[in-house]
K.L.:
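Before I ask anything, let me first share the structure, which is written out below as structure tokens.
Predicted model only: the values in this text are computed from it and were never measured.
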Amino acid sequence: MEGVRVEVTDRFTPGLGGRADRTYVSPPHDPAAARELAALLLDRAVAPEGDGPWRRALAGGLRTVRLLPSGR
């Protein structure tokens, strides 16, 4: 995989805390840097393997992180 973008989506249960769902796609990174960013977003000590999606519970919701080829 050449340039890799990191997509992060936060989804929240309606009515809890008034937070809205949101999605962010990063600029392209080299694959190792993209996995380090994914680890940071997932609160993991070790970078995840593969392309995801990976999930992490948030207060009132769920965060999903995945890697995308830079062309998407």
K.L.:
Is there side-chain contact between P48 and L42, with heavy atoms separated by less than 4.5 Å?
P.N.:
yes
K.L.:
Below 4.5 Å, heavy atoms only, C-beta onward: do R44 and W54 meet side chain to side chain?
P.N.:
yes
K.L.:
I would like to know whether R63 and V8 meet side-chain contact (heavy atoms from CB on, under 4.5 Å); could you show each step before the answer?
P.N.:
CA-CA 7 Å; R63 171 170 289 165; V8 57; 3.6 Å; yes
K.L.:
So how far is it from E7 CD to T64 OG1, rounded to the nearest 0.5 Å?
P.N.:
9.0 Å
K.L.:
Nearest heavy-atom pair of L58 and L62: which atoms, and what distance?
P.N.:
CD1-C, 4.0 Å
K.L.:
If I take atom CG from residue D10 and atom CZ from residue R22, how far apart are they, to the nearest 0.5 angstrom?
P.N.:
5.0 Å
K.L.:
How long is the span from the NE2 atom in H29 to the CZ atom in R5, to the nearest 0.5 Å?
P.N.:
9.0 Å
K.L.:
Only one of L67, L41, L68, V6 passes side-chain contact (heavy atoms from CB on, under 4.5 Å) with S26; say which it is.
P.N.:
V6
K.L.:
Run the numbers on R66 and D51 for salt bridge (charged side-chain N to carboxylate O under 4.0 Å, His left out), then give the verdict.
P.N.:
CA-CA 6 Å; R66 67 183 180 142; D51 297 333; over 6 Å; no
K.L.:
Looking only at heavy atoms, what is the nearest atom pair of A39 and A47, with distance?
P.N.:
CB-CA, 3.7 Å
K.L.:
Just by modelled atom types, is the G50 backbone N or O under 3.5 Å from a matching donor or acceptor in the R35 side chain?
P.N.:
yes
